K.L.:
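Quick one: the structure is below, and I'll ask about it shortly.
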2 protein chains.
Amino acid sequence: MAATIKDVAKMAGVAVSTVSYALNNSPKISEETRRKVVKAAEALSYRPSGAARNLKKRKSETIGLFLNDLGGPFYSQVIEGVQEVVASHDYNLIVCSTYGGENSSANRFLREKFVDGAIIMGSAIPDSLILQVAAESFPIVVLDRELKADYVHSVLIMNEQGAYDAVKHLIKLGRRKIEFLSGPLAAYDNSKRYEGYKRALKEHNLPVPAKISMQGRYLEAGGYQAVKVMLAGNRLPDAIFAANDEMAIGAIRALREGGVRVPEDIAVVGFDNISLGPFVRPTLTTIGHSKYEMGAIATQLVFNVQKDENSIMLPTQLVIRQSCGFKQQNDDQDETSILHEGRRGLG
Amino acid sequence: MAATIKDVAKMAGVAVSTVSYALNNSPKISEETRRKVVKAAEALSYRPSGAARNLKKRKSETIGLFLNDLGGPFYSQVIEGVQEVVASHDYNLIVCSTYGGENSSANRFLREKFVDGAIIMGSAIPDSLILQVAAESFPIVVLDRELKADYVHSVLIMNEQGAYDAVKHLIKLGRRKIEFLSGPLAAYDNSKRYEGYKRALKEHNLPVPAKISMQGRYLEAGGYQAVKVMLAGNRLPDAIFAANDEMAIGAIRALREGGVRVPEDIAVVGFDNISLGPFVRPTLTTIGHSKYEMGAIATQLVFNVQKDENSIMLPTQLVIRQSCGFKQQNDDQDETSILHEGRRGLG
DNA sequence: CCATATTTTTGAAACGTTTCAAAAGCAAAT
DNA sequence: ATTTGCTTTTGAAACGTTTCAAAAATATGG
């Protein structure tokens with residue numbers, strides 16, 4: 001049905017190989033034949049088959065970015081960073097959801113070598129699959145996840161230190177009973193953030209709660225619910241450190257509805273510095289990290305394949321707004337931030 | 001280097017075709033051989049070549065979703081709708097940015113038949129390319145864009161009517177001097193929204209400004225700047241209708257900074273009902289439309305290819321919050337909404 | 001035990017490109 | 001005319017699958 005390179009060749013009265021060279025702008029072809037070929041191709045509205053091309057060339061010139069859910073407010077900047085670097089290498093980028101388990105699109109694409117390299121964020125792709133497919137010809141970079149293997153690199157955030165900074169900041173502001181609003185217990189970043197929370201309490205001789213009392217699955221509604229439940233209890237904390245911003249925002253909503261003043265009665269600090277932060281009331285104090293840079297660096301790593309695994313640690317940054325109760329003289333649009341230097345280099 | 005189906009065949013001591021059948025769970029193959037084959041495949045850590053497969057089968061079982069920028073707050077729900085329907089058909093979804101002009105990834109993918117169908121949102125892909133590649137074997141659905149051709153379907157939003165409803169609402173609340181905060185003049189949806197704005201003014205015998213005085217390129221910062229400039233002038237309006245929510249939010253920020261009370265002095269209404277709306281202060285009155293449904297319907301259309309172009313019109317909905325100045329007795333989290341029924345069917 | 005069905009396995013021909021190595025054209029130099 | 005050295009064009013062999021049609025093996029029934 002659709003025209004192939006053979007049809008173009010026939011119409012232009014030349015060999016198939018000539019068409020190929022001509023359309024790929026090879027210098028071997030004379031201008032005259034090139035014109036003939038292009039004309040024929042247009043007349044037949046010829047579209048080359050990417051599949052055939054990739055098969056023959058044994059590469060797709062495409063990088064895959066695999067995410068848990070394409071929608072999250074968090075990802076968009078990461079994507080931008082990836083996009084930029086991929087484009088600068090004249091490669092294509094496809095973004096794909098990891099949703100769907102065993103035979104999700106992501107799994108299929110990883111297995112079937114649709115892409116020449118992959119960047120993986122989120123936990124839906126099991127370590128085993130990554131280990132299976134990573135190879136010199138197929139480098140993989142994992143984001144915010146520890147995984148060591150040949151041709152697997154990782155870009156990490158200083159989760160522990162960031163959480164530590166957040167909690168320490170609350171302590172410095174005089175808060176003594178600080179609760180941890182947890183994300184999924186199985187999540188890597190959540191557990192790191194929990195570690196940082198505990199370290200800060202310990203180092204300041206504050207009691208560490210025996211167990212996690214609030215869980216919000218990293219969702220706004222989850223934070224809201226967890227805090228609703230908390231409010232029904234009797235002994236309220238004077239601060240909440242949420243493992244991500246969505247939950248922090250849900251927490252603030254629940255507190256407000258319960259007549260609790262934020263930050264006067266209970267201070268709230270989140271993590272991730274999502275773009276919504278400056279818009280909620282009170283504006284959200286949080287731990288930021290450079291998402292664009294994360295994407296860009298990850299992509300660089302994909303292009304600089306190296307056998308030994310290599311991990312890069314990105315710094316975090318305390319972003320002080322209103323919800324922590326820090327007294328500022330300036331307008332609420334302004335914000336202060338304290339950079340926590342990270343280190344970059346071999347893992 | 002990497003193992004191919006031939007290597008697996010050799011190792012398992014069977015023919016290439018047997019391996020293919022075995023791994024694709026064809027019922028012709030005996031359990032015994034299947035086991036042998038699977039074992040060999042695992043031993044060699046065989047990964048089938050998607051390119052070869054697609055070439056032979058002449059399809060990729062993949063749908064492409066092409067967006068202007070992957071990050072926008074607007075898109076995520078559309079993506080979810082698409083994702084859901086694509087998955088229900090056991091197809092794969094790739095999302096891809098149209099950024100990059102002539103030889104962007106998007107252009108390449110569209111041309112090289114990497115995908116079996118496409119959903120296109122945003123204006124970066126020229127009509128000409130769409131017309132060129134749309135075919136029975138390659139259906140295309142365009143979102144919020146009018147384009148009629150064989151095998152091209154469109155899913156539209158009632159932009160004109162939505163804008164009309166927004167402005168009418170402001171008029172009913174007593175506003176008389178309503179300015180239009182425009183997006184890019186060339187944008188299809190912007191011009192439709194402008195039409196609706198003008199119609200509402202005319203129908204209520206209000207003067208229609210001779211020309212558009214504020215432009216904000218659909219960006220928050222654009223709305224902010226445009227309003228800053230407006231504030232420097234002398235005759236202020238008593239309401240602003242922004243062609244999208246981002247600009248409306250920027251407008252509110254500028255007004256607040258300028259000491260203008262929203263909505264008391266100037267009311268603001270946006271368009272799109274992005275998720276940020278309920279979080280800004282005052283909460284944003286806007287025109288909503290179901291983004292998830294938009295994605296889902298578009299995807300259905302891709303799978304139900306029909307020759308004659310077919311367009312579907314989705315209803316909009318006035319979402320009343322604080323920024324329009326409507327006096328409500330209830331808490332600010334609540335919101336009222338008025339559905340404007342759309343019609344669905346042939347264009 | 002033979003003929004006939006049925007199940008399982010196999011060769012070989014695609015699918016539509018790229019690219020190597022050889023052939024053909026063509027000019028200039030002998 | 002023939003050789004030499006270019007430039008341009010071409011055939012044919014991949015690339016790694018799927019799938020048709022035929023062959024081989026096995027089972028079924030008389």
Side-chain angles (χ1 to χ4, degrees), chain A residues 1-38 40-41 44-62 108-109 111-116 133 135 137-138, chain B residues 1-38 40-41 44-62 108-109 111-116 137-138:
Chain A
M1 189 70 245
T4 77
I5 197 172
K6 276 185 198 169
D7 304 314
V8 178
K10 199 173 294 169
M11 180 165 207
V14 300
V16 165
S17 43
T18 305
V19 175
S20 175
Y21 287 129
L23 293 180
N24 289 302
N25 294 315
S26 157
K28 320 192 200 183
I29 300 295
S30 72
E31 265 318 306
E32 197 195 336
T33 21
R34 191 190 310 282
R35 267 198 304 277
K36 258 196 319 198
V37 168
V38 168
L44 295 167
S45 65
Y46 164 68
R47 298 166 58 202
S49 152
R53 180 170 198 272
N54 289 350
L55 173 57
K56 181 64 208 188
K57 301 191 94 168
R58 296 152 110 198
K59 62 178 176 186
S60 60
E61 291 175 343
T62 301
R108 269 148 90 169
F109 286 142
R111 252 198 282 275
E112 300 196 351
K113 318 194 217 163
F114 257 96
V115 291
D116 295 343
V133 301
S137 61
F138 194 61
Chain B
M1 189 69 248
T4 78
I5 199 172
K6 277 185 197 169
D7 303 314
V8 177
K10 200 173 295 170
M11 179 163 206
V14 299
V16 164
S17 44
T18 307
V19 175
S20 175
Y21 286 129
L23 294 180
N24 289 301
N25 295 314
S26 158
K28 321 191 198 185
I29 299 295
S30 73
E31 265 318 305
E32 199 195 333
T33 20
R34 191 190 311 283
R35 267 198 305 278
K36 258 196 319 198
V37 169
V38 168
L44 294 168
S45 65
Y46 165 67
R47 298 166 59 202
S49 153
R53 181 171 197 273
N54 290 350
L55 172 58
K56 182 64 210 191
K57 301 191 95 170
R58 298 152 109 197
K59 63 178 174 184
S60 61
E61 290 176 342
T62 301
R108 267 148 90 170
F109 286 142
R111 252 199 282 273
E112 300 197 351
K113 316 194 218 163
F114 259 104
V115 292
D116 296 344
S137 62
F138 193 61

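In this text, all values refer to a predicted model and were calculated from it rather than measured experimentally.
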K.L.:
What's the separation between atom OG in A:S20 and atom CZ in A:R53, rounded to the nearest 0.5 Å?
P.N.:
9.0 Å
K.L.:
Taking all atoms of both residues into account, what is the closest heavy-atom pair of B:I5 and B:Y46, and its distance?
P.N.:
N-CE1, 3.4 Å
K.L.:
If you compare all heavy atoms of B:V115 against all heavy atoms of B:F138, which two are closest, and at what distance to 0.1 Å?
P.N.:
O-CE1, 3.0 Å
K.L.:
Mind listing the residues from residues 20-36 of chain A sitting with a heavy atom below 4.0 Å of DNA chain C? Number order is fine.
P.N.:
A:S20, A:Y21, A:N24
K.L.:
Closest-nucleotide mapping onto DNA chain D: is B:A52 or A:T18 further toward the 5' terminus? I mean the 5' end.
P.N.:
A:T18
K.L.:
Check DNA chain D against residues 6-14 of chain A and give the residues with a non-hydrogen atom under 4.0 Å, in numerical order.
P.N.:
A:V14
K.L.:
Could you walk me through whether B:F114 and B:T62 satisfy the side-chain contact (heavy atoms from CB on, under 4.5 Å) test, starting with their C-alpha distance in whole Å, then the side-chain angles of each, then the deciding distance to 0.1 Å, before giving a yes or no?
P.N.:
CA-CA 8 Å; B:F114 259 104; B:T62 301; over 6 Å; no
K.L.:
Would you say B:R47's side chain and A:R111's backbone share a donor-acceptor pair under 3.5 angstrom?
P.N.:
yes
K.L.:
Between A:A12 and A:A40, which heavy-atom pair has the shortest distance, and what is it?
P.N.:
CB-CB, 3.9 Å
K.L.:
Over its full length, what angle do the end axes of the helix from C:dC1-D:dG30 to C:dT30-D:dA1 make, each axis taken from five pairs and the result rounded to 10 degrees?
P.N.:
50°
K.L.:
So, are A:E31 and A:R34 salt-bridged, with charged N and O less than 4.0 Å apart?
P.N.:
yes
K.L.:
Taking all heavy atoms of B:I29 and all of B:A22, pick out the closest pair and write down the distance.
P.N.:
CG1-N, 3.8 Å
K.L.:
So, using side chain to side chain donor-acceptor pair (under 3.5 Å) as the criterion, who are the partners of B:S49 when residues are at least two apart?
P.N.:
none
K.L.:
Taking all non-hydrogen atoms of both residues, which atom of B:V38 and which atom of B:L23 are closest, and how far apart?
P.N.:
CG2-CD2, 4.3 Å
K.L.:
How long is the gap from OG on A:S60 to CD on A:E112, to the nearest 0.5 Å?
P.N.:
12.5 Å
K.L.:
Would you name the heavy atoms of A:A51 and B:L55 that are closest together and state the gap between them?
P.N.:
CB-N, 3.8 Å
K.L.:
Would you give the length of the straight line joining atom CG of A:L44 to atom NZ of A:K10, rounded to the nearest 0.5 angstrom?
P.N.:
10.5 Å
K.L.:
Which distance, rounded to the nearest 0.5 Å, do you find between the NZ of A:K59 and the OG of A:S137?
P.N.:
12.0 Å
K.L.:
Given side chains that start at C-beta, do those of A:K36 and A:T33 come closer than 4.5 Å, heavy atoms only?
P.N.:
yes
K.L.:
Students should find this one: the first and last nucleotides of DNA chain C, 5' to 3', lying under 4.0 Å from a heavy atom of chain A. What are they?
P.N.:
C:dG16 to C:dC20
K.L.:
Is A:S49 touching bases, backbone alone, or none of the nucleic acid, heavy atoms closer than 4.0 Å?
P.N.:
sugar-phosphate
K.L.:
Return the residues of residues 55-62 of chain A meeting this criterion: a heavy atom under 4.0 Å from some atom of DNA chain D. Order them by number, or give none.
P.N.:
A:L55, A:K56, A:R58
